[in-house]
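Below is one structure, written out as C-alpha cells, with a few remarks after it.
When a ligand or atom number is given, it counts from 1 through the structure's own listing order. All figures in this text were calculated on a predicted structure; none of them were measured in a lab.
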Amino acid sequence: MNIGMIGLGKMGMNLVRNLRDHEIAVAAYDLNADARAIVAQTGAVAYATVDDMIAALPTPKIVWLMVPAGYPTQSCIDALAESLSAGDIVIDGGNSFYRDSMAHAQQLAANGIHFFDAGTSGGMAGARHDGNFMIGGDQKTFAVIEPIFQAIAQTDGYLYTGPAGSGHYLKMVHNGIEYGMMQAIGEGFEVLAKSDFDYDNEAVAKLWDHGSVIRGWLMALAQSAFSDDPKLDELKGVMHSSGEGAWTVEEALRLHVPTPVISSALMMRYRSEEDDTMTGKVVAALRNQFGGHAVDKKLVSEG
Ligand SMILES: NC(=O)C1=CN([C@@H]2O[C@H](COP(=O)(O)OP(=O)(O)OC[C@H]3O[C@@H](n4cnc5c(N)ncnc54)[C@H](O)[C@@H]3O)[C@@H](O)[C@H]2O)C=CC1
Ligand SMILES: O=C(CO)[C@H](O)[C@H](O)COP(=O)(O)O
C-alpha cells in the first residue's frame with residue numbers, strides 16, 4: 001500500500017514513521033524544506049511539490065492531510081481537487097471543523113474523489129505508535145483504506161463513524177471532554193498547592209495513576225511534567241486553545257445541551273491568556289461605587 005502524506009510536523013512526521021514501521025510506502029510533502037529532508041530519513045520519499053508527490057502514487061491515489069485546520073487544509077483540498085482523479089481518496093487527519101469537512105467531501109465528490117475525515121487522538125505518541133482514529137466518509141470505500149488503520153491504530157483504536165463530518169464531529173466532542181478533564185486535574189493540583197500540606201506533585205500523580213478512579217494517560221503525563229519541573233515553576237499558566245473546545249461549546253449551545261464543565265474549561269483558557277480583565281475592573285469599580293469597597297490600584301510603574 002502507498003500513501004501520500006501532506007504535512008510533516010509533530011503529527012505527520014510521526015504518522016509517517018508509524019506507516020513505515022508497517023511497511024506502507026509513503027510519498028511525502030511539506031511546505032518546509034527541512035521537514036522534507038528529515039522525512040527522507042524514515043524511508044519515505046519526499047517531493048518538492050504536491051504534484052510531484054501525487055504523480056508518484058499508484059491508482060487509486062490515497063493522500064493523507066496532516067496540516068493545521070482552516071486555510072492550510074482548505075488550500076490543500078483545493079489543490080487536490082484539481083490534481084486528483086475520480087476514485088482517488090483524501091483523508092484529513094487534522095483537527096478540521098466538522099462542517100468544513102462536510103464541505104470538503106462535497107467539493108471533492110464533484111470530481112469523483114472520496115473524502116474521509118479521520119479525527120486523530122493520542123497526540124504525538126499515538127501518531128508514532130498505536131494511534132486512535134475516528135473516521136467518517138463513504139462506508140463502501142472505507143474498505144479500501146481500512147488496512148491503513150488496522151496497521152497504525154492500536155487494537156480497537158479506530159472506528160468508522162458514519163458519513164463525512166462524523167469523524168471530526170466525534171473528535172471535536174472528544175477534545176471538549178479533554179478540556180474538561182484537564183481543567184479538573186489542574187484545579188485539583190492547585191488546591192493541593194495552596195493547602196496546608198506539602199505534597200510531592202510527581203508522587204501524587206504517580207499514585208493516582210496506579211489503581212485510583214482517576215488513573216489514566218493524562219495523569220501519567222502529569223507525572224512526567226512534574227518529574228521535569230516539580231512545581232511547574234518554569235511555566236506560565238497560559239492555556240492556549242486551537243478551536244475544538246469552542247466548537248464543542250457552540251454545538252452544545254445549538255443543541256441546547258448544558259455543558260458547564262467544558263464551557264467553564266474553555267472560559268478558563270481564554271481568561272488565562274489575559275493578564276488583567278475589563279470584567280475584573282468593572283466589578284471592582286461597581287463594588288467600590290455602591291459599597292465603598294476597597295479596590296487594588298495599579299502602581300504608576302504598571303502604567
Ligand atoms: N499536535 C497534536 O497533539 C495533534 C494535532 N492534530 C492536528 O493535526 C494537524 C497537524 O498538527 P501538528 O503536526 O501538531 O502541527 P505542526 O504545526 O507541527 O505541523 C504542521 C505541518 O504542516 C505543514 N504545512 C502547513 N501548511 C501546509 C501546506 N499548505 N502544504 C504542506 N504542508 C503544510 C507545516 O509546514 C508543518 O510542518 C492539525 O490539524 C492539528 O490540529 C490532531 C491530533 C493531535
Ligand atoms: O487534538 C489534540 C489532542 O487530542 C491536539 O493536541 C489539540 O491541539 C488539542 O486541542 P487544543 O489545542 O485546543 O488544546
Side-chain angles (χ1 to χ4, degrees), residues 4-18 27-39 44 46-54 63-83 90-98 100-101 104 117-129 131-135 152-153 157-158 167-183 185-186 216-218 221 237-250 262-263 265-270 272-273:
M5 178 69 70
I6 301 181
L8 305 170
K10 296 183 288 293
M11 295 296 287
M13 192 70 80
N14 279 304
L15 282 169
V16 170
R17 291 182 199 278
N18 192 345
Y29 172 72
D30 195 293
L31 288 173
N32 183 327
D34 292 342
R36 297 200 298 267
I38 293 168
V39 86
Y47 292 88
T49 69
V50 175
D51 285 342
D52 288 347
M53 186 201 82
I54 288 171
V63 178
W64 185 307
L65 293 178
M66 211 61 196
V67 301
Y71 175 75
T73 299
Q74 184 64 58
S75 66
C76 291
I77 296 283
D78 292 346
L80 294 173
E82 295 304 314
S83 310
V90 174
I91 302 169
D92 178 8
N95 276 343
S96 295
F97 181 45
Y98 79 97
D100 290 347
S101 298
H104 294 156
D117 44 311
T120 303
S121 184
M124 295 177 290
R128 179 66 186 88
H129 298 289
N132 181 287
F133 304 92
M134 307 148 224
I135 313 140
I152 65 174
Y158 73 89
H168 279 149
Y169 191 97
L170 193 60
K171 179 71 192 335
M172 171 186 79
V173 174
H174 161 287
N175 278 38
I177 294 169
E178 183 179 290
Y179 277 47
M181 290 173 70
M182 292 198 294
Q183 179 68 25
I185 292 170
W217 193 47
L218 291 173
L221 294 177
V238 179
M239 308 179 280
H240 297 299
S241 58
S242 46
E244 299 264 7
W247 299 333
T248 309
V249 172
E250 284 163 15
I262 298 172
S263 305
L266 176 68
M267 298 306 148
M268 289 301 288
R269 289 208 187 185
Y270 292 166
S272 77
E273 290 174 316

Ligand 1 contact on Ile6 by region, counting heavy-atom pairs under 4.0 Å: side chain

Contact partition for Cys76 relative to ligand 1, non-hydrogen atoms under 4.0 Å: side chain

Of [options], which has the heavy atom at the shortest distance from [atom]?
atom	options	answer
atom 14 (O) of ligand 2	Glu178, Met124, Met182, Arg269	Arg269
atom 35 (O) of ligand 1	Leu31, Leu15, Asn32, Asp30	Asp30
atom 25 (C) of ligand 1	Gly7, Ala79, Gly93, Pro68	Pro68

Heavy-atom gap Ala69 to ligand 1 smaller than 4.0 Å: yes

Is the shortest heavy-atom distance from the side chain of [X] to the side chain of [Y] under 4.5 Å?
X	Y	value
Val63	Met53	yes
Ile38	Leu8	no
Ile77	Asp100	no

Students should be able to answer this: which protein heavy-atom is nearest to [atom], and at what distance?
atom	result
atom 10 (O) of ligand 2	Asn175 ND2, 3.6 Å
atom 3 (O) of ligand 1	Gly123 CA, 3.8 Å
atom 19 (O) of ligand 1	Gly9 CA, 3.2 Å
atom 10 (C) of ligand 1	Met66 O, 3.5 Å
atom 14 (O) of ligand 1	Lys10 CE, 3.3 Å
atom 44 (C) of ligand 1	Met11 CE, 3.5 Å

For Glu244, the option from Lys171, His168, His174, Glu178 that meets side-chain contact (heavy atoms from CB on, under 4.5 Å): Lys171

Using a plain distance cutoff, I'd like to know if [X] has any nitrogen or oxygen under 3.5 Å from a nitrogen or oxygen of ligand 1.
X	answer
Asn95	yes
Thr120	no
Val67	yes

Distance-only side-chain donor-acceptor flag, Lys10 / Asn14, under 3.5 Å: no

Nearest non-hydrogen partners of [X] and [Y], listed with the distance:
X	Y	value
Ser101	Asp92	OG-OD2, 4.4 Å
Ser241	Tyr179	CB-OH, 3.2 Å
Tyr270	Ala246	OH-CB, 3.5 Å
Arg36	Ala48	NE-CA, 3.9 Å
Cys76	Val67	SG-CG2, 4.3 Å

Any nitrogen or oxygen of [X], side chain or backbone, less than 3.5 Å from one on ligand 2?
X	value
Tyr179	yes
Ser242	yes
Lys171	yes

side-chain contact (heavy atoms from CB on, under 4.5 Å) assessment of Asp117 paired with Tyr98: CA-CA 8 Å; Asp117 44 311; Tyr98 79 97; 5.6 Å; no

Using a strict cut-off of 4.0 Å, indicate which atoms of ligand 2 neighbour a heavy atom of [X].
X	answer
His174	4 (O)
Asn95	1 (O), 2 (C), 5 (C), 7 (C)
Ser241	13 (O)

Atoms of ligand 1 close to Tyr29 [distance to a heavy atom under 4.0 angstrom, numbered from 1]: 30 (N), 31 (C)

Per-atom contacts of ligand 1 with Gly94, taking only distances under 4.0 Å to non-hydrogen atoms: 7 (C), 8 (O), 9 (C), 39 (O)

Has the side chain of [X] got a donor or acceptor atom that lies under 3.5 Å from a matching backbone atom of [Y]?
X	Y	answer
Asn18	Ile152	yes
Ser96	Ala69	no
Thr120	Ala118	yes

